[in-house]
Novice: 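The structure follows.
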Amino acid sequence: MMEQVENFPSFRSSMNNSSRNSTREVTFGHSGSKNVRYGSKGAADSGPFSMSQKEISDEDARLVYVDDPDRTNQRYEFSGNSIRTSKYSIITFLPRNLFEQFHRVAYIYFLIIAILNQLPQLAVFGRGVSVLPLAFVLFVTAVKDAFEDWRRYKSDKVENNRIATVMVDGRFQGKKWKDVRVGEIIKISANETLPCDIVLLSTSDPTGVAYVQTINLDGESNLKTRYAKQETQAKVPEKERFIGLIKCEKPNRNIYGFQGNMEVDGKRLSLGSSNIVLRGCELKNTNWAVGVAVYCGRETKAMLNNSGAPSKRSQLETHMNLEIIMLSVFLVTLCTVTSVCAAVWLKIHKSELDLLPYYRKLDFSEGERESYEYYGWGLEILFTFLKSVIVFQVMIPISLYISMELVRVGQAYFMSRDSRMYDAATDSRFQCRALNINEDLGQIKYVFSDKTGTLTENKMEFQCASIWGVDYSSTEPSLELGQQAECFSQVDGKVLKPKMKVKVNQELLQLSKNGFRDVEGKQIYDFFLALAACNTIVPLLVDTSDPTVKLIDYQGESPDEQALAYAAAAYGFMLIERTSGHIVIDIHEKRQRFNVLGLHEFDSDRKRMSVILGYTDDSVKLFVKGADTSMLSVIDKSLNTEILQATETHLYSYSSLGLRTLVIGMRELSVSEFDQWHFAFEAASTSLIGRAAMLRKVASNVENNLCILGATAIEDKLQKGVPESIESLRTAGIKVWVLTGDKQETAISIGYSSKLLTNHMTQIIINSNNRESCRRHLRNALVKSRQPLAASTVSNDSEGISDTIATPISLIIDGTSLVYILDSELEEELFELASRCSVVLCCRVAPLQKAGIVALVKKRTADMTLAIGDGANDVSMIQMADVGLLFYFWVALILQILNTCLFIVSLFFRYVLFTAYTVTTAINEWSSMLYSVIYTAFPTIVVGILDKDLSKRTLLKYPQLYGAGQRREAYNKKLFWVTMADTFWQSIVVFFVPLFAYWGTTVDISSIGDLWILSVVILVNLHLAMDVIRWNWVIHAVIWGSIVATIICVMVIDAIPTFSGYWAIFHAAGTGLFWLCLIGILIAALLPRFVVKYICQYYYPNDIQISREAEKFENQRVNGGGGSGSGSRQIELYPIPVGPPR
Amino acid sequence: MSSSSAAASGSADSTAARRNTKRPKYSKFTQQELPACKPILTPRAVISVFLLVSVVFVPVGVASLLASRKVVEIVHRYDAECIPPSNSSDKVAYIQNSSVDKTCKITLKVQKHMKSPIHVYYQLDNFYQNHRRYVKSRNDEQLRDSSKWDSTSGCKPEDMANGKPIVPCGLIAWSLFNDTYVFSRNNKNLTVNKKGISWKSDRDHKFGKNVFPKNFQNGSIIGGAHLNDSIPLSQQEDLIVWMRTAALPTFRKLYGKIEMDLNEGDTISVTLKNNYNTYSFSGKKKLVLSTTGWLGGKNDFLGIAYLTVGGLCFFLAMAFTIIYFVKPRQLGDPSYLSWNRNPGGH
């Protein structure tokens, strides 16, 4: 019997959901025998398993000679185990980093400009000056990249130098991880981390079981079982050299699939995903395990998954590129205008050019008559064009990219430092993995969430039991904690207690204690025995501070099973020991041993599992537990009809309470039945081809004509804060989609308790089992959804915002219907319908469908989507969705930077009109280069990092405010143009006030240039200051500091005697005219902005503005206690009144 | 609030646990909770700002207008009248002919009493001293340092003459203005002080005390004035003034100062040498006599601008006050939130 157990592959398919949520089940009310198809890609369901039986052709295979790394690596150089996540080495850093940086088109543009400027005909700026901005940006980015890479390098080094125990020359020795090679035999002790992917050979457990924790790999914390092959289990590598050949597939990214076979002692054993343990896993509750390395280093599945994550491009960056293209068009226009004007001017003055004192085309310095720097009319125009491109280059803000990069780094820093994003339970901080998606978080419109483990804690709690048609609910208030400690078991003076305490129903507890003499008692006995035995739970003894007391920790893959086992223990059926051959159950302090004759694991087709127990009196019983529809189809309906009906009623009421239900059944097997089964089972489990299907068939054959025992109901507790969060999301106008494998009733009731659904909503339910009815349902629903919305839009024509307040619609759709909808023309209709709904609840969906649903939305909308999941379960979902976080003032930031650039360019351009269309800059070239890099970019960056609209408290209070970011209130086209108009006005003021004030005076070019640069910088900073919402000392320091720094820079530049503008600022500052101009410019330029801002804020306040005021004045009002009228009115904070669901 | 309690619980942790934990260290900076001032545009503040601006700007505007009005200015364009009628058909040929005596007499009438010092300017129109070719055509090293006399980079086409470097080189120096004016009142000479017309900083640091003109205006085309080779550049104030290139195509340059009051009704006769060629590009030449106020020359623009802005601010202040009383809004009243303003009453 024992061999059979270890031959079981654990049914871990690529959708591990199926095994974990072993209790999920088919639509209520449908014929249970219906074979559920999951999407059109449903074939993948049984894929990995059947694939492990497939032959691997030699060229596709990797040959690993066990314990012979030299031979293994002889033909092919397999990757060593050292890993490298750092991108650069010291030598490659410069070229590679530069290469990567120049992927940005803007950088190439600046490079070209810098090169152009080196040509003597085009030398507008000095050589050094022209390279300055690009060099600065490249340098800062390179420093940032180098730092990040250095950190990666350090963590690699730590990883690579960890010590593994490896077999060398017949002995196990310590070896650094980086030196481990494919083919080597590795020994892992308990709680050690795997250095590479290994195929298990033997473990400390005699049956070859090893328990591993995969939390580093997929985030799931429960233990998984892995098996060593029975043939290899017996061998001891220290004593005899292990000779074998493993043939397995090439490295791939599928962490749930593995196929291969092993030739050992002339026998061929097939290897599946249950035989391999992956790098990054931890060995638990197993003293040691020995395995052979098959994939090392970057070829391990963990590393392969690490690398090629699709790069997520921030939407903002895309937006920004658009704006830059617009600017480029503008730039080209300006340059064209300049060169056309210059052409006309040259044409008009053609005859004069030779001797024009300020042109002097004639050159006699070489003796004969030549033209000095004049290449003919056509070329001159071209050169003018290129020169103006060089001068106006500041328009394309090179600092934009670097600013964004730095702001992101800064924000990521603050996010990781935020103590509200710290989880004490796991001692982990917020980690920002991709910097460029921060800003998108502020624009999410769709949230997709998995239910189990995301909304819920994934900690199941046994709630109700229905045994033999009687409902025992343990949710009675008469519950006393003292009662729970009673169940324990005493062995050899040691006390064993279950680790988790379960609420118990006193009546049932009493009944179970009274012994099992009557029929009812016998049913209860069988029921709890089924709960304790029919699972794959492994009990582990955990020491406590009291040496005489040990806790039993039930470890298993399914939290439902854990909950059931704890429940059984609470009622006195304590599972104490499980080996592959037998189990020991402590029934009311009497130890009983049962032989486990057979175990049919859960699979998603049968949706049930069963165990065959051999009693000490040689009777054999089959216990089955499973999802209700699958169970009801195999229960003998002729027996105990009224009990069956009662149970069904209970099931319905449980599931409408939001509980997950399971049905328990049993059957006594006669000797002939058992022998028949045993024969089939043996045959199936030793077969090499189609083993899974055969086992499934064997199981289905025996699981029939069951006698119903009862049903259980388990609560999947909602995580703390989930109702509040969901409500916040909903009120923020985010569309929430919850995708769950639960059945409809359960899903809806959980929807209510998580405040996803409210009584206020119009519910549309779609569950159909063919395409036609699906279509009909969708059409009707669409019509229905349009009506209330249409009505509300008409009535609120004047108020555009009120749409969101119209009666919210929730859509509930089940997986079966989705099968017909996904990948068909109905997708379009579903999307249209769903986009009208504020909440969509998809129940009974298969993992693959989850990705399909996300893709459905993503394909059709430009809006941001966010998928939340708890690990591998929802990996596919996450990969499909755009993610990101941040605050919409990003946009203001970009505008600000664009603004500053436009500003100075318009200034340059206007001046060009007064210099005979030659691109002279009054502003010193150093100043104009420093302008975009330091004068204005720096304060913008700091404000971008530090400024916030509102305190976190207010944002939590009014989640609707989130909508502002989502609606892109701050970054719409209107705002863009208004800002541009403002910039236009400001640049006009800045340019023309000095122009008129100094017209016809002795003013020189440097003085007026200094006045211009100072007024521009002060203006830009004041402009920024007007948008700052929270003034703390850093922002004060930065904004005023940058103005002061600019003044100092201007003074320094003017103190260099070899610059033509020597001492200009000091002269100018000595005159009253200068100061009057400066002050006049500042006031006149900011006046319209100030007026508009005030009018908008005071008379057309947006929600953010009001909350900001409330934030400021609330305290005063409360403290002042002036009794202003605000308290007397009842204000509704949330637009959707929320009532209790039931 | 919550963060401070989090910090408190953090400090309550045992020290050992704290050492190992990854809990972010609490500081007001990292939690972005620095004490901050959150200014809000309240009506009272806005109205006060506008009033303040108008209170400041209107008087300043009035003062600068008065100052500008007080400045007495005589502007006389002479480029056309100083061409003898016989040469008016070809002005350029006349001005380029170095053998003709270009003396020209004009008279100026003083309309209003002018207080000393009276600045004498020449004003050129349509002369692009800010032309890109022109502003760059100089070598500041050479002007400053006698040892760099041969560094003429950037000076082309006036860098070398007859194979030797020019000091000062470049188009700016080459085109030095060379009209001269002699003033007399009632046949009595008015002395024009030409000392101190340039910036002191330029004389002291920008133009060398031991840099002397060399090989200047020796090329084939004479652009303007000649320089006395025995006077160092730091004392060639006309050059220094000229080399401060003007920002705009219409500009004045200081020629000298008359340190004597001119009375109303005085007739000033000016004997000028009309040497400078602006005829080839139809530039205008003007002679300007002007007193100075605290705001410089005669220019009403700033005064008007200040009055306009001040007036506008006063008007806005009034308008906002009226609107405030007619249609006030309670600041921070949540009933204005968009979801509370819903008229549909769903």
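Chain A is the first sequence line, chain B the second, and so forth, proteins listed ahead of strands; every chain is numbered from 1.
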Novice: Given a strict heavy-atom distance threshold of 4.5 Å, which part of A:I1095 is in contact with chain B: side chain, backbone, both, or neither?
Specialist: side chain
Novice: What pairs with B:R252 under salt bridge (charged side-chain N to carboxylate O under 4.0 Å, His left out), at least two apart in sequence or on another chain?
Specialist: B:E73
Novice: Select one option (side chain, backbone, both, neither) describing which atoms of A:V912 are under 4.5 Å from chain B's heavy atoms.
Specialist: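 The answer is neither part of A:V912.
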Novice: Return the option, out of B:A305, B:P249, B:P43, B:S280, with the maximum number of heavy-atom pairs under 4.5 Å with chain A.
Specialist: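 Heavy-atom pair counts peak at B:P43.
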Novice: Do side-chain atoms of B:N299 reach the backbone of A:F996 as a donor and acceptor pair under 3.5 angstrom?
Specialist: yes
Novice: To the nearest 0.5 Å, what is the distance between OG on A:S1060 and NZ on B:K206?
Specialist: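 Between atom OG of A:S1060 and atom NZ of B:K206 there are 6.0 Å.
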Novice: For A:Y911 and B:A247, which heavy atoms make the closest approach, and how far apart are they?
Specialist: OH-O, 2.6 Å
Novice: Can you say whether A:F1059 sits under 4.5 Å from chain B via the side chain, the backbone, both, or neither, judging by heavy atoms?
Specialist: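 Backbone only.
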Novice: Under a 4.5 Å heavy-atom cut-off, does chain B meet the side chain of A:K1093, its backbone, both or neither?
Specialist: both
Novice: Counting heavy-atom pairs under 4.5 Å to chain A, which of B:L41, B:N130, B:D140 comes out on top?
Specialist: B:N130
Novice: Do any N or O atoms from the side chain of B:R133 and from the backbone of A:Y359 form a donor-acceptor pair under 3.5 angstrom?
Specialist: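 Answer holds: yes.
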Novice: Specify the closest pair of heavy atoms between B:L171 and A:Y358, including all atoms of both residues, with the distance to one decimal.
Specialist: CD1-C, 4.4 Å
Novice: Taking every heavy-atom pair that is under 4.5 Å apart, which of B:V135, B:I221, B:V309, B:N139 has the most such pairs with chain A?
Specialist: B:I221
Novice: Can you tell me which portion of A:S1006 sits under 4.5 Å from chain B's heavy atoms? Options are side chain, backbone, both or neither.
Specialist: side chain
Novice: A:W1012 versus chain B, heavy atoms under 4.5 Å apart: side chain, backbone, both or neither?
Specialist: neither
Novice: Of the non-hydrogen atoms in B:W199 and A:S1007, which two are nearest, and what is the gap between them?
Specialist: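 That closest heavy-atom pairing would be CH2-OG, 3.7 Å.
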Novice: Is the ring centre of A:Y1098 less than 6.0 Å from the ring centre of B:F320?
Specialist: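 A:Y1098 vs B:F320: aromatic centres not under 6.0 Å.
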Novice: Nearest heavy-atom pair of B:S201 and A:Y1062: which atoms, and what distance?
Specialist: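 In this case the closest contact between B:S201 and A:Y1062 is O-CE2, 3.5 Å.
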Novice: Among A:T1001, A:L995, A:L1076, who wins on heavy-atom pairs under 4.5 Å with chain B?
Specialist: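 The option with the most such pairs is A:L1076.
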Novice: List the steps and the verdict of side-chain contact (heavy atoms from CB on, under 4.5 Å) for A:F1090 and B:V49.
Specialist: CA-CA 10 Å; A:F1090 190 68; B:V49 165; 4.2 Å; yes
Novice: Examine whether an atom of A:L1087 lies under 4.5 Å from a heavy atom of chain B, and if so say whether it belongs to the side chain, the backbone or both; otherwise answer neither.
Specialist: side chain
Novice: Which bit of A:H349 is near chain B, if near means a heavy-atom gap under 4.5 Å: side chain, backbone, both or neither?
Specialist: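 No part of it gets close to chain B.
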Novice: Just checking A:W1075: does its CH2 atom have more than 12 heavy atoms from other residues, nucleotides or ligands closer to it than 6.0 angstrom?
Specialist: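 Open.
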Novice: Specify the closest pair of heavy atoms between A:P1057 and B:H205, including all atoms of both residues, with the distance to one decimal.
Specialist: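 Taking A:P1057 first and B:H205 second, the nearest heavy atoms are CB-O, 4.1 Å.
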Novice: Taking the side chain from A:Y1099 and the backbone from B:P328, do they hold a donor-acceptor pair closer than 3.5 Å?
Specialist: no
Novice: Grab the two heavy atoms, one from B:L302 and one from A:C1077, that are nearest each other, plus how far apart they are.
Specialist: CD1-SG, 4.1 Å
Novice: Could you tell me which of A:T1071, A:V1003, A:I1008 has the largest number of non-hydrogen atom pairs under 4.5 Å with chain B?
Specialist: A:V1003
